[in-house]
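Keep in mind the model is a prediction, meaning the values are calculated, not measured. The figures that follow rest on heavy atoms only: side chains count, while hydrogens, waters and symmetry mates do not.
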Amino acid sequence: MSKIEVYQEELDGIVRTGVRVHDRHATLKDLLEAWQPLCDDTALYKYYGHNHGSICKGCTTNCCDTAYVIPDLIAFKHMKAYLGISYADFIRDYFQVEKVKRGLLRMLPEPCIFLQERICTIYPLRSLICRFYLCTSLIGDTEQLIYDITWTGITATRIFAEQHNLIDSPLSGGYTSFDLMFTNLIEEYRHHPQVQYFMQADNYADIPLAPFIKAED
Ligand code: SF4
Ligand code: SF4
């Protein structure tokens with residue numbers, strides 16, 4: 001049996017996708033490898049995909065046009081290394097300045113700075129928020145799991161940026177409702193012990209899944 005099982009079940013007339021973790025030593029890399037084929041699965045119902053059954057690659061109603069992408073710390077470090085520039089230059093040239101001033105490391109959007117001819121030019125390095133997003137219905141536990149992992153990784157990026165003096169103290173005004181929601185999420189996750197796994201990791205293989213999985217009641 002594989003470490004991670006992707007499965008589907010019908011609930012209230014809607015087919016939902018979820019994952020089960022069968023190996024307590026499974027890592028985030030294992031989860032991402034199990035998840036990736038869903039992006040290319042034409043049998044998966046995708047709300048915004050062409051005819052609801054297209055692969056994500058080349059999608060013309062691409063979520064990359066509008067996404068509010070804040071990279072997790074692994075992606076943040078890998079993208080910077082790929083570009084071969086300093087963190088300061090990376091933030092200056094690839095992030096939205098008015099969001100950075102408010103402590104939110106949002107990549108330049110509409111469309112995303114890395115989208116060219118409907119294709120992500122850094123696909124193997126893209127952020128967790130990009131890897132996990134699928135315009136399909138998910139099973140609740142799975143949705144919560146990927147949400148927790150993603151926001152833990154994003155919070156680690158904020159803490160890393162603070163520790164390395166890459167962002168100034170955030171301005172107090174001019175926040176949109178999304179900015180406020182994301183700021184509050186980062187503050188909520190800041191004290192989660194799982195953040196340390198991202199702070200200490202070089203790759204997704206270094207991050208265990210077990211601490212993110214809630215025990216059954
Ligand atoms: S997840 Fe994004 S890229 Fe994939 S089909 Fe939906 S809108 Fe298109
Ligand atoms: S990094 Fe790539 S996958 Fe993520 S929003 Fe940008 S173009 Fe899309």
Side-chain angles (χ1 to χ4, degrees), residues 28 32 39 48 56 59 61-135 143-144 146-192 194-199 201 204 207 212:
L28 181 47
L32 291 169
C39 303
Y48 309 123
C56 291
C59 169
T61 53
N62 204 313
C63 43
C64 308
D65 283 336
T66 54
Y68 195 130
V69 177
I70 306 177
D72 58 280
L73 186 52
I74 303 293
F76 183 73
K77 289 178 174 176
H78 287 182
M79 287 190 280
K80 177 261 183 196
Y82 167 77
L83 294 167
I85 55 180
S86 68
Y87 282 117
D89 288 350
F90 182 36
I91 291 174
R92 186 195 62 210
D93 295 343
Y94 288 82
F95 291 79
Q96 207 179 355
V97 65
E98 59 269 32
K99 302 301 181 195
V100 175
K101 284 180 183 168
R102 288 165 182 81
L104 292 160
L105 286 162
R106 185 191 189 186
M107 309 221 57
L108 280 169
E110 298 176 16
C112 172
I113 189 165
F114 287 119
L115 188 71
Q116 286 178 17
E117 297 178 1
R118 320 311 302 170
I119 301 290
C120 173
T121 52
I122 51 141
Y123 199 67
L125 309 176
R126 70 202 192 285
S127 310
L128 288 177
I129 207 165
C130 306
R131 291 170 187 258
F132 281 130
Y133 180 74
L134 287 170
C135 58
E143 196 161 30
Q144 188 63 50
I146 62 175
Y147 188 88
D148 280 342
I149 293 170
T150 301
W151 279 98
T152 302
I154 288 171
T155 301
T157 305
R158 169 70 174 266
I159 294 171
F160 179 88
E162 290 169 357
Q163 289 177 345
H164 292 80
N165 297 318
L166 298 171
I167 50 174
D168 297 327
S169 298
L171 297 178
S172 56
Y175 288 76
T176 66
S177 56
F178 272 110
D179 297 341
L180 281 176
M181 183 171 73
F182 295 157
T183 299
N184 290 339
L185 275 168
I186 289 169
E187 291 312 309
E188 177 190 331
Y189 277 84
R190 181 185 288 276
H191 302 294
H192 286 204
Q194 292 90 335
V195 171
Q196 289 310 315
Y197 292 105
F198 275 89
M199 299 302 296
Y204 295 121
I207 300 175
F212 293 92

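- In terms of heavy-atom proximity, K77 sits nearest to A201 at NZ-O, 4.1 Å.
- Residues satisfying the ring-ring contact (aromatic ring centres under 6.0 Å, His included) criterion with H164, sequence neighbours excluded, are F160.
- Scanning both residues, Y48 and C59, for their nearest heavy atoms gives O-SG, 4.5 Å.
- The CZ atom of R102 sits 10.0 Å away from the CG atom of L180 when rounded to the nearest 0.5 Å.
- Among all heavy-atom pairs drawn from L104 and I70, the shortest one is CD2-CD1, 4.0 Å.
- Closest non-hydrogen pair, C120 versus L115, comes out as N-CD1, 4.0 Å.
- The ring-ring contact (aromatic ring centres under 6.0 Å, His included) test applied to F90 returns F76, Y94, F95, not counting sequence neighbours.
- Minimum interatomic distance between I129 and V69 (heavy atoms only, all atoms of both residues): CG2-CG1, 3.7 Å.
- In this structure, the ring-ring contact (aromatic ring centres under 6.0 Å, His included) partners of F182, at least two apart in sequence or on a different chain, are Y68, W151, F178.
- Between F198 and F212, the angle of the ring planes goes over 60°, which puts this pair in the perpendicular group of the 30/60° scheme.
- Between the CD1 atom in I207 and the CD atom in Q194 there is a gap of 11.0 Å [rounded to 0.5 Å].
- The two residues T66 and R106 have their closest heavy-atom pair at O-NH2, 3.7 Å.
- Between the side chains of D148 and Q144, at least one donor N or O lies within less than 3.5 Å of an accepting N or O.
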